[in-house]
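Following: one structure in structure tokens, then a few remarks.
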Amino acid sequence: MILPSTYFAALCLMIVSMLCWGSWANSFKLTKNWRFELFYFDYAFGVLLASLIAALTVGTLGFDGFSFQDDLRHAGLRQDAWALVAGGVFNLANMLLVAAISIAGMAVAFPVAIGLALVIGVVWNYSINPTGNRELLFGGMAIIVGAIIVDALAYRSYALQRSRQAAREGKARQMRKSMSTKGIVISLISGVLMGSFYPMLQNASSLSSEIGLGPYAIAFVFSLGVFFSTFVFNLVFMNLPIEGSPIEITEYLKGSLKSHALGILGGMIWAAGLVTNLVAAAAEGNAKVGPAVSYGVGQCAAMVSALWGLLVWHEFAGADSKVKTLVAVMLILFLGGLTLVSIAPLH
């Protein structure tokens, strides 16, 4: 298998992971009125497909003579189970995140959910495998917590602004839904679950056990957990929807080719982020960054997604100067926290 040999290479992989994790949700936004429950069937298949492609190519190539198939045979059943369970936990968290995006938009759901997941995941991962400067790492986390709070305040201010505007136009009833805190609450629940899956992966990793899985094998077994749990969780969401009325599985067959393709593409983009993140975390020697730092940089995808929501989807269109200032402060805080987390392995 191929692993990075320098810190610069590992850092590049972490940045690619951040970009992938922060950009995949655009595929859902592009489906327009396609329900997230239906989108998710294709997304899960895309995750499985991309992880399998990575495992059979870069996970099998290299000069160490240890292939992806060898990795699977070498690992213990307990490690396989951790990776499968992590896939299920992530899947529930990500479904809630997609639901929150459909309610509150990318600029709100991602910073709140992923920011909280970042803090939980980094603290947990550091306790399992402490690597990097503790002061820089946790200082960056504290700044990112501040960014989460500022983003929630910006969303609340924007919702109140729209409500007042709607009241003046006689549309208070239609805007009441926009004022709901449902989007933030769902994002927070998603964040707690999202922050738990990566430490579970580390329990399955060769970094934690001699019979653990390597990064490409972890990604594949994890993707199996994502794929199969989708049919359990999604049937619940389809019958007890977070938003809208219940839908039948037959509605999936009515989707356009474009909608199905976008779902698969979204899953493949996210899986590319997972593989690059795990590979960076598995680097050794001078390239070693550790899972806490790798996860921390990757989960700063919230900043990338917030920029997509602001600049491309215009989710804060018409906001007043107060809201715009809060959004700008949020982005600055995220960038500052990301910088501290990125340089933590160098000190």
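Numbers for residues simply follow the sequence, beginning at 1.
With hydrogens and angles disregarded, a donor-acceptor distance shorter than 3.5 Å links the side chain of Gln161 to the backbone of Asp320. Side-chain atoms of Trp21 come within 3.5 Å of backbone N or O of Trp270 as a donor-acceptor pair. A distance-only check finds a donor-acceptor pair linking the side chain of Ser157 to the backbone of Leu153 [under 3.5 Å]. Side chain of Ser190 to main chain of Ile186: no donor-acceptor pair is present (N/O by atom type, distance under 3.5 Å, no hydrogens or angles). Here the side chain of Asn234 pairs a donor or acceptor atom with the backbone of Glu37 at under 3.5 angstrom. In this structure a side-chain-to-backbone donor-acceptor pair under 3.5 Å is missing from Asp71 to Leu213. A donor-acceptor distance shorter than 3.5 angstrom exists from the side chain of Thr276 to the backbone of Ala272, with no hydrogens or angles considered. At least one donor-acceptor pair under 3.5 Å links the side chain of Thr60 to the backbone N or O of Ala55. Between the side chain of Asn277 and the main chain of Gly273, no donor-acceptor pair closer than 3.5 Å is present.
The minimum heavy-atom distance linking Ala50 with Ala271 is given by the pair CB-CB, 3.6 Å. Nearest heavy atoms, Asn239 versus Pro246: O-CG, 3.8 Å. Between Val297 and Met14, the shortest heavy-atom contact is CG1-CB, 3.8 Å. Across all their heavy atoms, Phe28 and Arg35 have their closest contact at CE1-C, 4.4 Å. Of all heavy-atom pairs between Ala204 and Ala83, the closest is CB-N, 3.9 Å. Closest approach of Leu3 and Pro215 over heavy atoms only: CD2-CG, 3.9 Å.
Under a hydrophobic clustering in which Ile, Leu, Val, Met, Phe, Trp and Tyr are joined whenever their side-chain heavy atoms come within less than 4.5 Å, directly or via other members, Leu188 and Ile120 fall into the same cluster. In terms of hydrophobic clustering, with Ile, Leu, Val, Met, Phe, Trp and Tyr side chains grouped at heavy-atom distances under 4.5 Å, Ile332 and Ile143 are assigned to different clusters. Linking Ile, Leu, Val, Met, Phe, Trp and Tyr whenever their side-chain heavy atoms come within less than 4.5 Å puts Leu340 and Leu346 in one cluster. By the rule that hydrophobic residues join a cluster once side-chain heavy atoms approach within less than 4.5 Å of another member, Val16 and Leu335 end up as members of separate clusters. Under the 4.5 Å side-chain heavy-atom criterion for grouping Ile, Leu, Val, Met, Phe, Trp and Tyr, Leu235 is connected to Val89 within one hydrophobic cluster.
Contact annotation: the side chain of Ile144 never approaches that of Leu333 to less than 4.5 Å [non-hydrogen atoms, C-beta and beyond]. Leu136 has its side chain out of reach of Val341: every pair of non-hydrogen atoms, C-beta onward, lies at least 4.5 Å apart. Taking the side chain as every heavy atom from C-beta outward, Ser294 and Tyr198 approach each other to under 4.5 Å. Between Lys324 and Ser321 the shortest side-chain heavy-atom distance does not fall below 4.5 Å. Residues Pro199 and Tyr295 form no side-chain contact, since every pair of their non-hydrogen atoms from C-beta on lies 4.5 Å or further apart. Counting heavy atoms from C-beta on, the side chains of Ile249 and Phe41 come closer than 4.5 Å. Side-chain contact check for Leu274 versus Ser17: every heavy-atom pair is 4.5 Å or farther apart.
Between His260 and Tyr252, the ring centre distance stays below 6.0 Å. Taking the six-membered ring where the residue is Trp, the centroids of Tyr43 and Trp24 are separated by under 6.0 Å. No close placement of the Tyr40 and Trp34 rings is indicated, their centers lying 6.0 Å or farther apart. Taking the six-membered ring where the residue is Trp, the centroids of Tyr126 and Phe138 are separated by under 6.0 Å. The aromatic ring centroids of Tyr216 and Phe68 lie 6.0 Å or more from each other.
With rounding to the nearest 0.5 Å, the separation of CG in Leu96 from CD1 in Ile242 is 5.0 Å. Taking CE from Met200 and CG from Asn125, the interatomic distance works out to 11.5 Å, rounded to the nearest 0.5 Å. One distance of note links CD1 of Ile189 with CG of Leu116; it measures 11.0 Å at 0.5 Å rounding. Atom CD1 of Ile343 and atom CG of Asn133 lie 8.5 Å apart (nearest 0.5 Å). One finds the CG atom of Leu253 at 9.5 Å from the CG atom of Leu38 (value rounded to the nearest 0.5 Å). Here Leu52 contributes atom CG and Leu48 contributes atom CG; the two are 6.5 Å apart, rounded to the nearest 0.5 Å.
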Exercise for the section: Assess whether side-chain contact (heavy atoms from CB on, under 4.5 Å) is satisfied between Phe39 and Ser27, documenting all intermediate values. Expected result: CA-CA 9 Å; Phe39 166 88; Ser27 63; 3.6 Å; yes
Practice task
Kindly determine whether Phe334 and Val150 satisfy side-chain contact (heavy atoms from CB on, under 4.5 Å), including the steps that lead there.
Solution key: CA-CA 10 Å; Phe334 255 113; Val150 171; over 6 Å; no
Problem - Verdict with reasoning, Ser23 to Trp308, per side-chain hydrogen bond (donor to acceptor under 3.5 Å, both in side chains) - result: CA-CA 8 Å; Ser23 302; Trp308 280 112; 3.0 Å; yes
Practice task
For Ser259 and Ser256, run side-chain hydrogen bond (donor to acceptor under 3.5 Å, both in side chains): C-alpha distance rounded to whole Å, both residues' side-chain angles, the deciding distance at 0.1 Å, then the answer.
Solution key: CA-CA 5 Å; Ser259 295; Ser256 66; 3.1 Å; yes
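For CG of Leu77, the number of neighbouring non-hydrogen atoms (other residues, nucleotides, ligands) closer than 6.0 Å is 12 at most. The local environment of CG in Asn286 is sparse, with at most 12 non-hydrogen atoms from other residues, nucleotides or ligands closer than 6.0 Å.
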In a table with atom names and distances, give each donor-acceptor pair under 3.5 Å that connects a side chain of residues 218-233 to protein atoms at least two apart or in another chain.
from, atom 1, to, atom 2, distance (Å)
Ser223, OG, Ser51, OG, 2.7
Ser223, OG, Ala219, O, 3.4
Ser223, OG, Phe220, O, 2.6
Ser229, OG, Asn91, ND2, 2.8
Ser229, OG, Gly225, O, 2.7
Ser229, OG, Val226, O, 3.2
Thr230, OG1, Asn91, ND2, 2.9
Thr230, OG1, Val226, O, 2.7

